[in-house]
Amino acid sequence: MNLRRAIVLAVWWTIPVLGWAQQPSEMKPVTDRLAASIYNGPSMTTLGDLADGIGGRLTGSPAYVRSTEWAAAKFRSYGIENVRLEPFTIPAGWQRGTASGAMLAPLSRPLYVASLGWAPSTPPGGVRGPVVIVADLSRDALKSREAELHGKIVFLDTSKIFAEGYGKALPKLEAAWVAFQKGGVLAAIMSDREKSNVLNAHDGVWGAKLLPLPVAEVGMEDAKLIQRELERGPVTVQLTIENKTTGATTVNNVVAEIRGSERPDEWILIGAHLDSWDFGTGAQDNGTGAISVLEIGRALMALGKAPRRSVRLALWGGEEQGLLGSYAYTQAHQSELNDCIAVLNTDNGAGHPKGWKVEGREDLRKAMQPWSDGLLKDMNGGELSMNTTYDTDHGPFVLQGIPALDLWVDVSHYMEIHHKSSDTLDKVDGLDFKAGEAIVAVTAYAIAQSETPIAPHIDHLAVGEILRNAKLDEMLEYVGVWKR
Ligand SMILES: [Zn+2]
């Protein structure tokens, strides 16, 4: 027995038996130990092992597979016995190769370009052709321009296309890719949205489907230059993309379970996505979230006694392609979702923590308030937000009516690294990171230990109202995860 373990046990024996403690103050002796374990724990070292040791983890890639095996081994090293890789299938596997582009006329200059995720390669040697702007993706508009677009490189004016919102634009965009391919368009390009030609990794479809034609993003200033040159006369562009694509691919979620000490059939889930985009190393999107899940597993095991209810620790794949791993989990575990008390998600970077998003549920906000005031406020995590999003892995659980919480942190610097080559370990503030982890750990313990469930499940109608209020229902119906 090492010294640290002896101290932990000594502390454990001296605190009173918790019994049916429910008040935040009664739980505090244990949650304080949990938080201390996180603050004194190896989060930054473990994050370095993931972000620098394994690197970017594109869903289905060899690096992603390595990260799942590494994470499963980590869980086991903390003494958690029930660790599984749970598979789901994506329509296509994709790995980035090289991309280059240049304006050939009227100016001769290289362009800042990158392939869109899940875009195919150009023919060997690339494509070259005149550029044509398309700003209206309606079927009639594309039909009327079919002959004009043949043999061209289409420049998508995304400022106009996405003006009506992502949810409304996505169905048109997915249909347009098919129409372009059928109509003999050579390739498509679209502008990124940040100055200095910074490139943000993204894809052009929902659900890891292969795009029907090569598509590249172009740095913002280069894209604006192309647009201005087109007002003066014809523009010719050359584009070469080489990616590796495979057919349907199996992807694993990693799920570990700490069985509850009194009501093991009831469970809470703490989740974060393990996959990342590949420009950076996924340090904050979502290495910090994934490490939080691992660290909370370690800290809970170090307590020496599990909370009343079971705690499932989930690391998802396919989040960046449409929350695919967490959605697959809700489908594969339908028969036991009734016993899921709550889901806690973390995926907004490791900024200064604020508290929790309660995803539009007033009853959940009210239920959380005593815990926020009694346990989380002094940890900088006492705020509650009613904001509802379907932008990360709490989403599929919200659709099931399960109380879901998404960690709310300051994101004012998050967009500087989000999906960019700058999403690396050096941007992570260890203190803010650990403060967020500790808030998740303490909240999870309180919900798993509390005698009564934090809040009830709500029915389909009530979920529908939340989605409608957040203007998400139409888009979710389109991508096939929601029926009105
Ligand atoms: Zn993320």
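When a ligand or atom number is given, it counts from 1 through the structure's own listing order. Note: hydrogens, waters and symmetry copies are ignored here, and every other heavy atom, side chains too, is used.
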- Message: Any carboxylate oxygen within less than 4.0 angstrom of a Lys/Arg side-chain nitrogen, looking at Asp265 and Arg259?
- Response: yes
- Item | Tyr329: ring-ring contact (aromatic ring centres under 6.0 Å, His included) partners, not counting sequence neighbours | Trp316, His333
- salt bridge (charged side-chain N to carboxylate O under 4.0 Å, His left out) pairs, two or more places apart, involving residues 64-79: none
- Query: If you look only at pairs with a residue in residues 271-289, which of them pass as a salt bridge (charged side-chain N to carboxylate O under 4.0 Å, His left out), with sequence neighbours excluded?
  - Reply: Arg96-Asp278
- Query: Salt bridge or not for Glu359 and Lys357, using N-O below 4.0 Å?
  - Reply: yes
- Excluding water, the protein N, O or S atoms sitting under 2.8 Å from the Zn ion (ligand 1) are His273 NE2, Asp285 OD1, Asp347 OD1, Asp347 OD2
- Message: Whether the Thr46 and Glu295 side chains hold a donor-acceptor pair (N or O, under 3.5 Å, no angle test) is what I'd like checked.
- Response: no
